[in-house]
Amino acid sequence: MSDPIAELRATLAEAINAAGGDASVMDRVALDPPKDLKFGDLATNAALVSAGSSGLPPRDFAAILGKELEAKLGDSLASWDVAGPGFLNLTLGDAWYLKAAGSVVEAGGQFGSGGSRDLEKVIVEFVSANPTGPLTAAGGRHAAYGDSLARILEFHGNTVDREYYINDAGAQIQRLGLSIIARANGTEVPEDGYSGDYIIELASQIPGAADEEPAEVAQAGIKILVAGIASTLERYGVSFDHWFSEATLHGPDGSSQVTKTCDALQRGGHAFSEDGALWLRTTDLGDDKDRVLVRSDGEPTYFAADIAYHADKLSRGERLIDVWGADHHGYVARMTAAIAALGEDPARLEMVIMQFVNLVEGGTRSQMSKRRGDFVTLDDLLDEIGVDAARWFMLQRSHDTTVDLDLDLARDSSAENPVYYVQYAHARAFSVIAKAGVGVPAIPMPAAELHESEKQLIRRLVSWPAEVAEAATRRAPHRICAYALVLSQEFTAFYRDCRIIGATDTERDFRLVLAAAAQAQIATALGLLGVSAPNEL
RNA sequence: GCCCCCGUAGCUCAGCUGGAUAGAGCGCCGGCCUUCUAAGCCGGAUGUCGCAGGUUCGAAUCCUGCCGGGGGUACCA
């Protein structure tokens, strides 16, 4: 597939070579629209970065590069000049714009896809909320992030598995079982149990809950709760390839995966016994204290099971991405150490730490605790503001910044949400194409001199592949939100300045092509966010 | 104490593997519906980029130290 910016970069690299420089520095070479368009359509620091290898002053080297590009690009390059310490400013000709627009249109919705340098099998594990209650609004941030990241990585060319780790073992499950039984008997839940009203509802759905064993009641409860979580996620547009049960790692005897993993760690010399417990010496591998694998009562810890789980994932994927809540950041060092102790490269596991979502209502933050049953569910949030606004709102901020989600604002002024602006731009594009009634020509026709709004739109459209790469490699879906917004603004400016209906045939055809390209790209961007792109609002 | 995240416009935040006069949304002020969707468009005001040093031709961006806010620091999961 042809990528106009990538082609320009390749030409620039050739020019650097031809000028006697070292093109191996291309990774550090920028080729972007400058902030101020008076500097040209694209500016590059190529000479500043590569002049050293040529022995020439940057400005002189930039001038040589300019001449080389002039020769190679012909009428695609209208003019160039050297500025400041050695920037090379390029003004592109209409010929380049027409060709670039053609490339975008030709690729359609696939434009910008498949650009990943190393195509990896990636396992993204996210949400993995404990199945002890419904999914919370905060869980909606993890779900939106993980799912969108998975979509972006796939679009970028990777194979991605979405995975949910069900913590259906351990002490909290015991607490859940006891809580359900208490409710079934009409009594209060234990001190450290789950007191939310949903437990009462749950108890009524489990026949004979009052008299069963806690473990069995808990498993029945988990089954119902997981089904509920899955159904909420489905509504939210999120689906998983695997629902991995922690319980399957534990076994009745010494043959369980957890036991095998602990054995392997001992054989590797990283585990030791002390105070009746089995420890992993993570301090040898960068952690600040050693961690227990098997408690003195013989029960393996959550950590031990998690190591077994990651060992399993390492056998299935080249790269693992875990999306965790900020309250788990202390877990990063020990998990990294554990991967190393397994004899694997810790770099294969990335842990993305999501900062919190605060729900703000009436100007005060509401604390959320699943244990107390005091929380807003994701379903409630979706009832209030809808899937599109919820996903956009959760995704528009970087994962490492805390989000204040103002419920009053989300409820009362959803029309001000930028997501509607983007959807509106998409609908407008669809509408104007339909209204023109002549279809969309396959190849852009040469128009009269291009309008600045047309050029700006094309510059934006061709920057999509780089933006996708950036969002993928930096694990940053929020960049796609920002991109979609800017693209929509620039489409809207084009829509305002370059009327389609009433223009000459050649102008109309070219503009239809641009409108179609913009519509396709907005739809693609929204698709990566899991937000719908309706044809009319 | 130690560890992680944040501190940029009135508010919420982009920008952060260094680049030319620092951006968006919302809010605020003033205009625009006989013409492709007014869920829109146009114009305007608003900043010691937390503070202090350092590196650099160049720092919101990198380094060091402080200050402020949030979170974590279990033989819980």
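None of these values were measured; they are calculated from a predicted model. So that the names make sense, note that chain A is the first sequence line, chain B the second, and so on, each numbered from 1.
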Go through [options] for me and flag the one nearest to the [X] side chain.
X: A/Phe87; options: B/A38, B/C5, B/G19; answer: B/G19
X: A/Leu537; options: B/G25, B/U17, B/A39; answer: B/A39
X: A/Ala482; options: B/G72, B/C75, B/A14; answer: B/A14
X: A/Asn45; options: B/C36, B/G19, B/A77; answer: B/G19
X: A/Tyr421; options: B/G72, B/C41, B/C5; answer: B/C41
X: A/Asp275; options: B/C75, B/U35, B/C5; answer: B/C75
X: A/Lys435; options: B/A24, B/C36, B/U17; answer: B/C36
X: A/Thr492; options: B/C36, B/A20, B/G40; answer: B/G40
X: A/Thr301; options: B/A14, B/U17, B/A77; answer: B/A77
X: A/Ala171; options: B/C36, B/G25, B/C76; answer: B/C76

Please produce a list of atom pairs where a protein N or O lies less than 3.5 Å from an N or O of nucleotides 6-12 of chain B.
| from | atom 1 | to | atom 2 | distance (Å) |
| --- | --- | --- | --- | --- |
| B/U12 | O2 | A/Arg397 | NH2 | 3.1 |

Once base and sugar-phosphate atoms are separated, protein heavy atoms under 4.0 Å mark nucleotides 56-63 of chain B, 5' to 3', with B, S and - as --------

Using 4.0 Å as the upper bound for N to carboxylate O, is an ion pair formed by A/Arg291 and A/Asp306?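 Here A/Asp306 does not pair with A/Arg291 in a salt bridge, since their nearest N and O are not under 4.0 Å apart.
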
More than 12 non-hydrogen atoms from neighbouring residues, nucleotides or ligands closer than 6.0 Å to CD on A/Glu452, yes or no?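 Check passes, neighbour count above 12.
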
So for atom CD, which belongs to A/Glu274, do other residues, nucleotides or ligands contribute more than 12 heavy atoms lying within a distance under 6.0 Å?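 Yes.
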
Can you give me the closest heavy-atom contact between [X] and [Y], atom names plus distance?
X: A/Ser148; Y: A/Leu529; value: OG-CA, 3.8 Å
X: A/Ala389; Y: A/Val419; value: CA-CG1, 4.1 Å
X: A/Val513; Y: A/Pro441; value: CG2-O, 3.4 Å

What nucleic acid atoms does [X] come within less than 4.0 Å of, heavy atoms only: base, sugar-phosphate, or nothing?
X: A/Ala83; result: base
X: A/Glu470; result: base
X: A/Ile500; result: base

Using purine N1 to pyrimidine N3 plus N6-O4 or O6-N4 for Watson-Crick, or N1-O2 and O6-N3 for G-U wobble, both under 3.5 Å, which nucleotide pairs with [N]?
N: B/C62; value: B/G54
N: B/G7; value: B/C67
N: B/C36; value: none
N: B/G1; value: B/U73
N: B/G43; value: B/C29
N: B/U12; value: B/A24
N: B/C49; value: none

Please determine if a side-chain N or O atom of [X] lies less than 4.0 Å away from the OP1 or OP2 oxygen of [N].
X: A/Arg295; N: B/A77; value: yes
X: A/His328; N: B/C4; value: no
X: A/Arg175; N: B/C76; value: no
X: A/Arg428; N: B/A38; value: yes
X: A/Arg479; N: B/C16; value: yes
X: A/Arg496; N: B/C42; value: yes
X: A/Gln396; N: B/A24; value: no

Kindly say whether A/Met394 contributes a backbone atom to a donor-acceptor pair with the side chain of A/Tyr145 at under 3.5 angstrom?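 No.
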
I need the [atom1]-[atom2] distance between [X] and [N], as an integer number of Å.
X: A/Trp392; N: B/A14; atom1: CH2; atom2: C1'; value: 12 Å
X: A/Lys289; N: B/G72; atom1: NZ; atom2: C1'; value: 11 Å
X: A/Trp324; N: B/C5; atom1: CH2; atom2: C1'; value: 16 Å
X: A/Tyr165; N: B/A77; atom1: OH; atom2: P; value: 11 Å
X: A/Ile166; N: B/A77; atom1: CD1; atom2: P; value: 17 Å
X: A/His451; N: B/C36; atom1: NE2; atom2: C1'; value: 16 Å
X: A/Glu467; N: B/G15; atom1: CD; atom2: C1'; value: 11 Å
X: A/Glu191; N: B/C76; atom1: CD; atom2: P; value: 18 Å

Going by distance alone, is a donor N or O of one side chain under 3.5 Å from an acceptor N or O of the other, for [X] and [Y]?
X: A/Arg175; Y: A/Gln172; answer: no
X: A/Thr259; Y: A/Ser256; answer: yes
X: A/Tyr309; Y: A/Glu163; answer: yes
X: A/Ser532; Y: A/Gln423; answer: yes

Between [N] and [M], how far apart are the two [atom1] atoms, rounded to whole Å?
N: B/U8; M: B/C62; atom1: P; value: 16 Å
N: B/G50; M: B/C32; atom1: C1'; value: 42 Å
N: B/A22; M: B/C67; atom1: C1'; value: 24 Å

Does B/C49 fall in syn (glycosidic angle within 90° of 0) or anti?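 Anti, which is what one calls it when the glycosidic angle falls more than 90° from 0.
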
Do the side chain of A/Asn89 and the base of B/A20 come within less than 3.5 angstrom through a donor-acceptor pair of N or O atoms?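 In this structure, the two groups form a donor-acceptor pair.
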
Does the B/G71 base have a donor-acceptor partner in the side chain of A/His329 within less than 3.5 Å?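 Under the 3.5 Å cut-off, the side chain and the base do form a donor-acceptor pair.
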
Considering residues at least two apart in sequence or located in another chain, which fulfil the side-chain contact (heavy atoms from CB on, under 4.5 Å) criterion with A/Ala215?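 A/Ala215 satisfies side-chain contact (heavy atoms from CB on, under 4.5 Å) with no other residue.
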
ring centroid sep under 5.5 Å plus plane angle under 30, A/Tyr302 with B/C76: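 No; centroid distance or tilt outside limits.
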
Has A/Phe39 got its ring stacked on the base of B/A20, with centres under 5.5 Å and planes less than 30° apart?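 Check passed, A/Phe39 stacks on base of B/A20.
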
Here's a test of your reading of the structure: between A/Trp279 and A/Ser431, which maps to the more 5' nucleotide of RNA chain B?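 On the 5' side of the pair lies A/Ser431.
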
Between A/Phe494 and A/His478, name the one whose nearest nucleotide on RNA chain B is closer to the 5' end.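 The residue mapped nearer the 5' terminus is A/His478.
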
Is any side-chain heavy atom of A/Trp80 closer than 4.5 Å to one of A/Leu65?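 No, too far: nothing below the 4.5 Å cut-off.
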
Report the C-alpha separation of A/Asp322 and A/Lys313 in whole Å, then their side-chain angles, then the decisive distance to 0.1 Å, and conclude whether the salt bridge (charged side-chain N to carboxylate O under 4.0 Å, His left out) test is met. CA-CA 11 Å; A/Asp322 288 0; A/Lys313 284 200 287 187; 3.0 Å; yes

